[in-house]
Amino acid sequence: MATEDFTATILVDQTPEKVLDAINNVKAWWQGEVEGNSANLNDEFTYRFGTLHFSKQKLIELVPDKKVVWLVTESRLDFVKDKSEWNHTKIIFEITPKESKTELKFIHRGLVPQIECFGDCSNAWTQLIQQNLRNLINEK
């Protein structure tokens with residue numbers, strides 16, 4: 001059975017460097033509490049949204065101005081039966097110049113329609129990427 005990871009893509013009027021800087025500034029675009037670092041290879045940070053969501057991410061791949069990959073090493077989603085659904089999933093940002101703009105493709109590898117949190121989590125990611133992150137990237 002094929003699975004389809006959640007993806008979202010935006011096109012912005014900024015440089016790849018500006019896009020990478022915004023991605024790495026997690027505290028500025030995630031809603032909730034973020035602790036730790038998220039800019040350098042092997043950095044780790046935690047995210048908490050009340051009692052509903054806790055996750056710990058590790059920056060496992062960084063290609064300047066091109067790609068960022070976080071591995072979810074620990075998670076607790078209190079709104080679904082399997083509270084560890086995010087464990088060992090990957091959150092990927094692919095940055096590509098497109099003429100005078102920059103395309104950002106977001107992929108949450110492992111966030112697939114077959115898991116319980118897909119609907120709520122994909123809706124949250126859509127807002128975070130298409131609104132919060134886009135707004136941060138476009139700040140001048």
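Quick note: numbers below take in every heavy atom, side chains included, and nothing from hydrogens, waters or symmetry partners.
- The minimum heavy-atom distance linking Ser122 with Gly119 is given by the pair OG-O, 3.2 Å.
- Between Gly110 and Ile115, the shortest heavy-atom contact is O-CD1, 3.7 Å.
- Both Ile91 and Leu62 belong to a single network of hydrophobic side chains, linked directly or stepwise wherever heavy atoms of I, L, V, M, F, W or Y lie under 4.5 Å apart.
- Applying the 6.0 Å contact sphere to CZ of Phe118 captures more than 12 heavy atoms from other residues, nucleotides or ligands.
- Of the inter-residue distances, the one linking Lys83 atom NZ with Leu77 atom CG reads 8.5 Å to the nearest 0.5 angstrom.
- Rounded to the nearest 0.5 angstrom, Phe79 CZ and Cys121 SG are separated by 4.0 Å.
- You'll find the side chain of Asn135 stays beyond 4.5 Å of the side chain of Glu139, heavy atoms only.
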Acceptor/donor pairs from residues 94-107 side chains to any protein atom, 3.5 angstrom cut, sequence neighbours excluded:
from	atom 1	to	atom 2	distance (Å)
Lys101	NZ	Asp13	OD1	2.5
Thr102	OG1	Gln14	O	2.5

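- To the nearest 0.5 Å, the span separating CD1 on Ile60 from CG on Asp43 amounts to 13.0 Å.
- By the side chain to side chain donor-acceptor pair (under 3.5 Å) test, Arg134 pairs with no residue at all, sequence neighbours left out.
- Considering NZ of Lys81 and CG of Asp78, their distance stands at 15.5 Å, rounded to 0.5 Å.
- One hydrophobic cluster holds both Leu128 and Val19 under the rule that ILVMFWY side chains link at heavy-atom gaps under 4.5 Å.
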Donor-acceptor pairs under 3.5 Å, side chain of residues 23-40 to any protein atom, not counting sequence neighbours: which ones?
from	atom 1	to	atom 2	distance (Å)
Trp29	NE1	Ala22	O	3.2
Trp29	NE1	Ile23	O	3.2
Ser38	OG	Asn24	O	2.7

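- A continuous path of hydrophobic side-chain contacts links Phe93 to Ile137 [ILVMFWY only; heavy atoms under 4.5 Å].
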Could you walk me through whether Asp82 and Cys117 pass the side-chain contact (heavy atoms from CB on, under 4.5 Å) check? CA-CA 9 Å; Asp82 178 0; Cys117 83; over 6 Å; no

Going through the distances and angles, do Lys58 and Glu74 end up as a side-chain contact (heavy atoms from CB on, under 4.5 Å)? CA-CA 10 Å; Lys58 181 176 183 176; Glu74 185 180 342; over 6 Å; no

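- The CH2 atom of Trp70 lies 11.5 Å from the OG1 atom of Thr89; values are rounded to the nearest 0.5 Å.
- Residues Asp5 and Thr7 have side chains that never bring a donor and an acceptor to within less than 3.5 angstrom of each other.
- Here the CH2-CG distance, from Trp125 to Leu133, works out to 9.5 Å after rounding to the nearest 0.5 Å.
- Residues Leu111 and Leu52 share a hydrophobic cluster, clusters being chains of Ile/Leu/Val/Met/Phe/Trp/Tyr side chains in contact below 4.5 Å.
- Residues Tyr47 and Leu71 fall into different hydrophobic clusters, defined by Ile, Leu, Val, Met, Phe, Trp and Tyr side chains chained together at heavy-atom separations under 4.5 Å.
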